[in-house]
2 protein chains.
Amino acid sequence: MGTTKTEIFTEKQNKLAGMMKALGHPARIAILQYLVKKQACVCNDIVGELGLAQATISQHLAELKKVGLINGTIEGTSVCYCIDAKVWEHFKTVFEGFFVKYVNKDNCC
Amino acid sequence: MGTTKTEIFTEKQNKLAGMMKALGHPARIAILQYLVKKQACVCNDIVGELGLAQATISQHLAELKKVGLINGTIEGTSVCYCIDAKVWEHFKTVFEGFFVKYVNKDNCC
DNA sequence: CCCATCAATCGCAATATTACGATAAATAAA
DNA sequence: TTTATTTATCGTAATATTGCGATTGATGGG
């Protein structure tokens, strides 16, 4: 128990849920919004922006990297992060695809 | 520790993250897809559709209800569920608003 | 009334997530 | 070389999530 039963769902369902989950934390939302706002690579002043410890930010960055939403490139002694435009677009498309499917009929409730 | 530090984020960031989190599990994705496919109120044959115990499904339904995505109306001895069109539309709009903000410039990474 | 059925809730166990201090590894500056 | 800075990782603690069996409360049929 305690583990999600991924084997009973389709690959697509698991993938979509994973994408949503990656965005399911305010720190990760904030990080992405910051990167979007800066419209450029951003060295890790993210730690200064949010009120979380460096180790915690690093963990959140790793999760965003895991789903491919951000890239990090080593820049001397620090690391620069930016949004992966292609993956960002993919997320957008997949999410739109999910929500577009519902056409409002006359439901009872 | 262990708790998300909601107080350091904006209301909007917390809300958006909460919405994403609600969709961050394949069972909840599957439930919504099923309701969308049926395009109608659906009594709890959802339990038969997915391979999860009744108690577990009930929990997932409760979470979807919590964010308002579905409504449940008592129909005799069973309960009928359907998607809340207004909230569905709201999710769609908010998600689109989040993703639209990124315009691809020439980034370094 | 008595029994069957359906769905929410309780209680529990297993696992995942969040957060942070401490440490390690890498590079830059002195 | 020594020191400072930056970031990933480790270890740990607190809390949340997932899943299920059992129970409860409600309704309908007999």
Side-chain angles (χ1 to χ4, degrees), chain A residues 1-9 13-14 17-32 34-35 41-67 70-82 109, chain B residues 1-9 13-14 17-32 34-35 41-67 70-82 109:
Chain A
M1 296 163 210
T3 328
T4 297
K5 281 187 149 187
T6 51
E7 68 276 10
I8 66 173
F9 303 105
Q13 287 169 336
N14 286 317
M19 291 162 78
M20 296 283 191
K21 199 173 174 183
L23 297 175
H25 192 286
R28 296 194 287 273
I29 293 288
I31 289 169
L32 289 172
Y34 183 66
L35 292 180
C41 284
V42 159
C43 294
N44 209 357
D45 40 332
I46 301 171
V47 176
E49 283 290 313
L50 312 188
L52 289 172
Q54 183 266 324
T56 308
I57 297 284
S58 193
Q59 244 176 306
H60 284 301
L61 287 169
E63 262 182 275
L64 290 173
K65 261 189 275 184
K66 207 178 66 189
V67 294
I70 64 172
N71 292 122
T73 51
I74 298 168
E75 187 91 9
T77 173
S78 63
V79 178
C80 284
Y81 294 100
C82 65
C109 45
Chain B
M1 296 165 211
T3 328
T4 297
K5 282 187 148 187
T6 51
E7 68 276 9
I8 65 173
F9 303 106
Q13 287 168 336
N14 286 317
M19 291 162 79
M20 296 284 192
K21 199 173 174 182
L23 297 175
H25 192 285
R28 296 194 286 273
I29 293 288
I31 288 170
L32 289 173
Y34 183 66
L35 291 179
C41 284
V42 159
C43 293
N44 208 357
D45 40 333
I46 301 171
V47 177
E49 283 291 313
L50 312 189
L52 289 171
Q54 183 265 324
T56 308
I57 298 284
S58 194
Q59 244 175 306
H60 285 301
L61 287 169
E63 263 181 275
L64 290 173
K65 260 190 274 183
K66 207 178 65 190
V67 294
I70 63 172
N71 292 121
T73 51
I74 299 170
E75 187 90 11
T77 173
S78 63
V79 178
C80 284
Y81 295 99
C82 65
C109 43

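Below, chains carry the letters A, B, ... as their sequence lines are ordered, and counting in each starts from 1. In what follows, every heavy atom counts, from backbone to side chain, and hydrogens, waters and symmetry copies are set aside.
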For [N] and [X] - does any side-chain N or O of the residue sit under 4.0 Å from the phosphate oxygens OP1/OP2?
X	N	value
B:His25	D:dG19	yes
A:Lys65	D:dA8	yes
B:His60	D:dG19	yes
B:Tyr81	C:dA8	yes
A:Lys21	C:dT17	yes

Within the supplied structure, the quantity of interest is the number of heavy atoms (other residues, nucleotides, ligands) at a distance under 6.0 Å from B:Ile8 CD1; does it exceed 12? yes

Could you walk me through whether A:Ile70 and A:Leu32 pass side-chain contact (heavy atoms from CB on, under 4.5 Å), step by step? CA-CA 8 Å; A:Ile70 64 172; A:Leu32 289 172; 3.8 Å; yes

Under 4.0 Å between any heavy atoms, over every strand shown, what does B:Ser78 touch: base, sugar-phosphate, or nothing? Just pick one. sugar-phosphate

So what does B:Ala55 touch, heavy atoms closer than 4.0 Å: a base, only the sugar-phosphate, or nothing? base

Atom pair distance, as rounded to whole Å: [atom1] in [X] and [atom2] in [N]:
X	N	atom1	atom2	result
A:Ile46	D:dT6	CD1	P	14 Å
B:Asp45	C:dC6	CG	P	11 Å
B:Lys5	C:dA19	NZ	C1'	8 Å
A:Glu75	D:dA8	CD	C1'	18 Å
B:Met20	C:dT17	CE	P	17 Å
B:Gln59	D:dC20	CD	P	10 Å
B:Gln54	C:dA4	CD	P	18 Å
A:Ile8	D:dT18	CD1	C1'	11 Å

Would you give the length of the straight line joining atom CG of A:Leu52 to atom CD1 of A:Ile31, rounded to the nearest 0.5 angstrom? 8.0 Å

Rounding to 0.5 Å, atoms OG1 (B:Thr6) and NE2 (A:His25) come to a distance of 9.0 Å

Between A:Leu52 and A:Gly76, the residue closer to the 5' end of DNA chain C by nearest nucleotide is A:Leu52

For DNA chain C, whose closest nucleotide is more 5', that of A:Thr77 or that of B:Thr56? B:Thr56

Is there a donor-acceptor pair closer than 3.5 Å between any side-chain N or O of B:Arg28 and the backbone N or O of B:Ala22? yes

On DNA chain D, more 5' by nearest nucleotide between B:Glu63 and B:Ile74 is B:Glu63

Find which nucleotide of DNA chain D each of A:Asn44 and A:Thr4 is nearest to by heavy atoms, and output the residue with the more 5' nucleotide. A:Asn44

